[in-house]
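To start, the structure under review is shown below, and the notes come after it.
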Amino acid sequence: MMTDFRQAAAALLAEHVEGLSEAEILALMETPPERNMGDYAFPCFRLAKSMRKAPNLIAAELAEKLSGGALFPRIEAKAAYVNFFLSQECLMQEVLAAVLREGEAFGRSELGKGKKVIVEYSSPNIAKPFHIGHIRTTLIGNALYKIYDHLGYETIRINHLGDYGTQFGKMIVAYRLWGCEEDVKREPIKTLLGYYTKFHEEAEEHPELEDQARAAFTALEHGAEEETALWNWFREESLKEFRRVYDILRIDFDSYAGESFYSDKMQRVLDELSAKGLLEESQGAQIVDLSEYKMPPALITKSDGSTLYITRDIAAAIYRKEHYDFDKCIYVVGTQQNLHFQQWIKILELLGYGWAQDCVHVGFGMVALEEGTMSTRHGRVVFLEDVLNRAVEKTREVILEKGVNTDNVDVTCRQVGIGAVIFNELSNSRLKDYVFSWDKVLNFDGETGPYVQYTHARAGSVLRNAGDAAGRALAAERWDCSYLRDDSAVELGWLLYRFPAVIVEAAEKYEPSLLARHVVDLAQSFNRFYHNEHILVENEAEKEAKLALTAAAKQAIRNGLTLLGMEVPERM
Ligand code: ARG
């Protein structure tokens, strides 16, 4: 753990100030608008009363008294503010020691100790394409899981598969009419999707198909053998495809309890709703009226008695609370479902579940491809797996053209190609819509995954070229930081110092992009340092200090990318 410099400044003030506690002082501390005005600033207005003096005078006296310490050699008054200038050498010393000592654990904390967080993400629908639209929930969810884990929380990753609902009645009927086992086995999702589409076409002329589908779903809900076996098979075959994508992305789950898992937990929801007097009949269906809360009614059961998406989500939340006793349950689902989640949380509240406030819907905007928005309905589906494979192939072209330095081209192409897609996704703030563009994703010079990975590899190559000196730099406990005075070095020092706090902020705001942006800042700052300064100089002390900073930048970039779910090649 590094010294909290802001707190150190507050502690210093607390010794000389009357009428304010250290905690109050800390809360008043500000960051000056410009670096040349100091690193921390304390406004003296609140002291005027207790110290019976004008704020400007108090500031001047405090600056006079406090100046000259090791941590803050320079403390100056400016109007009513006391400005603290942190010793750059202390900053560097602290940061280098922390990063190099903690290594992979740099940025870890115990913040979440004893607390349990569920992260629900990805959740594609079986027998439906796992398409580019799912990229956001999948990658944001995975990054949030890693970030919370790094902060010491106990985490549970849930894939709430869309594996239930009346559409499976249609699928069963379609398969019985036109299905071919071999085709499904070879290409499950595309084949099943074909049956589904055909069902809709045929049903326009033969409406009795719809009745058959309803009957098949009811049979499934009652556990009929044949229907259940078919549905299970569709689910297994779909999962095989999904798992291929998860393997490429190196993503895993602790539970695949999807919608079907709650089918036997629905009656309880209905009972609780009616016990609270919340259920109303409406044209044979059962609804919860939410007009009082300015929302349309929530449809709980259809007129044929079958339950709906929201009913299953209510059951899922109750089950998760009782089974896991979470402190927080995060749902990474697109903002198109805002209304669904608003209705759902309101119903949990109305049921008297105080923990509803620990459930968080983490929304995100849409992703469009350059050619236009993708849509299942118009048959222009873009499969996520195809995008990932294409990223690897395109990376191969770039790498062969650039002549990148690697022992294993296949592995590097995978690490860089997939990393590029992941970084592109996570560097966009989640609520904004964005357009997926290959030029942006794979640009080695932009603020991209390849750029950051390349910077990391560059730092690695500097360390390798340094030979024994690198080992000495890493093993040292102190470095002569008077050699790290270039603006680029100081800036890098501050970015490293802030790294742990950025991880916390990314968790609090459910925003991995904050971390991604910070990693870009680190990379840019290291590249400035690399260009401005000669690292492998004659002078041993100077060389070791510069190598230590290089190693620290490399480590922090690595930790950041790992938290985002990326691989970090040593060479490229
Ligand atoms: N399967 C749904 C879809 O693809 C997402 C499920 C989101 N999670 C939830 N608990 N409702 O739209």
Side-chain angles (χ1 to χ4, degrees), residues 117-142 144-145 156-168 171 189 192-193 196 231 234-235 238-239 241-243 245-246 251 253-263 265-266 269 295 298-300 307-324 326 328-348 353 355-356 358-367 373-377 381-385 430 510:
V117 173
I118 293 181
V119 189
E120 188 217 277
Y121 59 106
S122 201
S123 312
N125 302 320
I126 69 167
K128 290 266 183 72
F130 192 178
H131 59 80
I132 178 89
H134 292 112
I135 196 173
R136 307 207 71 180
T137 167
T138 305
L139 296 178
I140 294 171
N142 186 50
L144 288 178
Y145 143 69
I156 298 128
R157 299 161 291 176
I158 299 183
N159 193 328
H160 188 74
L161 283 180
D163 58 1
Y164 218 58
T166 43
Q167 70 268 31
F168 294 104
M171 192 71 79
I189 292 179
L192 291 172
L193 196 64
Y196 194 62
W231 167 82
F234 298 157
R235 188 177 191 274
S238 304
L239 262 180
E241 267 202 55
F242 298 163
R243 286 212 166 96
V245 175
Y246 295 137
I251 285 181
F253 295 92
D254 300 300
S255 160
Y256 279 91
E259 294 186 41
S260 68
F261 179 77
Y262 304 99
S263 56
K265 299 171 179 60
M266 233 60 98
V269 174
M295 285 186 268
L299 192 51
I300 303 292
T307 56
L308 287 117
Y309 182 55
I310 195 166
T311 328
R312 293 188 279 276
D313 254 330
I314 297 168
I318 297 172
Y319 173 83
R320 288 174 189 176
K321 183 64 194 176
E322 292 180 353
H323 187 73
Y324 297 108
F326 58 75
K328 196 192 275 281
C329 185
I330 296 171
Y331 293 75
V332 187
V333 185
T335 47
Q336 297 110 303
Q337 296 194 28
N338 276 354
L339 175 62
H340 164 79
F341 281 102
Q342 282 156 9
Q343 293 176 311
W344 159 85
I345 210 153
K346 180 51 77 187
I347 293 174
L348 287 173
Y353 290 122
W355 48 260
D358 302 325
C359 296
V360 199
H361 171 211
V362 172
F364 52 81
M366 304 249 274
V367 50
T373 330
M374 49 220 116
S375 140
T376 321
R377 231 173 312 138
V381 197
V382 180
F383 284 76
L384 183 49
E385 188 176 5
R430 64 179 160 81
Y510 313 107

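Order of appearance sets the numbers: ligands from 1, and atoms from 1 within every ligand.
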| task | Going by heavy-atom distance to atom 6 (C) of ligand 1, choose the closest among Y309, W344, Y331. | result | Y309
| message | Checking Y246 against S122: is there a side-chain donor and acceptor pair closer than 3.5 Å? | response | yes
| field | Atom indices of ligand 1 within 4.0 angstrom of H160 heavy atoms, with elements | value | 8 (N), 9 (C), 10 (N)
| query | Is E259 in polar range of ligand 1, meaning some N or O pair under 3.5 Å apart? | reply | no
| S123 neighbourhood, listing ligand 1 atoms whose heavy-atom distance to it stays under 4.0 Å | 1 (N), 2 (C), 4 (O), 5 (C), 6 (C)
| request: Pick one of side chain, backbone, both or neither for how Y121 approaches ligand 1, counting any non-hydrogen atom pair under 4.0 Å. | output: neither
| query | So which protein heavy atom does atom 4 (O) of ligand 1 come closest to, and at what separation? | reply | N125 ND2, 3.2 Å
| 4.5 Å side-chain heavy-atom contact, H340 and H361 | no
| message | Do I140 and Y510 make a side-chain contact, defined as non-hydrogen atoms from C-beta onward lying under 4.5 Å apart? | response | no
| query | Heavy atom of Q337 under 4.0 Å from ligand 1? | reply | yes
| message | When you compare the side chain of L161 with that of R235, does any pair of heavy atoms fall below 4.5 Å? | response | yes
| request: Provide, to 0.1 Å, the distance between atom 8 (N) of ligand 1 and the closest protein heavy atom, together with that atom's residue and name. | output: E120 OE2, 2.8 Å
| message | Classify the ring geometry of Y319 against F261: parallel below 30°, tilted from 30° to 60°, perpendicular beyond 60°. | response | perpendicular
| field | Pairwise side-chain contact, L139 with I251, heavy-atom cut-off 4.5 Å (strictly under) | value | yes
| Counting from 1, what ligand 1 atoms have a heavy atom of D313 closer than 4.0 Å? | 9 (C), 10 (N), 11 (N)
| Worked verdict on F341 versus W344 for ring pair (Phe, Tyr, Trp, His ring centres under 6.0 Å) | CA-CA 5 Å; F341 281 102; W344 159 85; 5.3 Å; yes
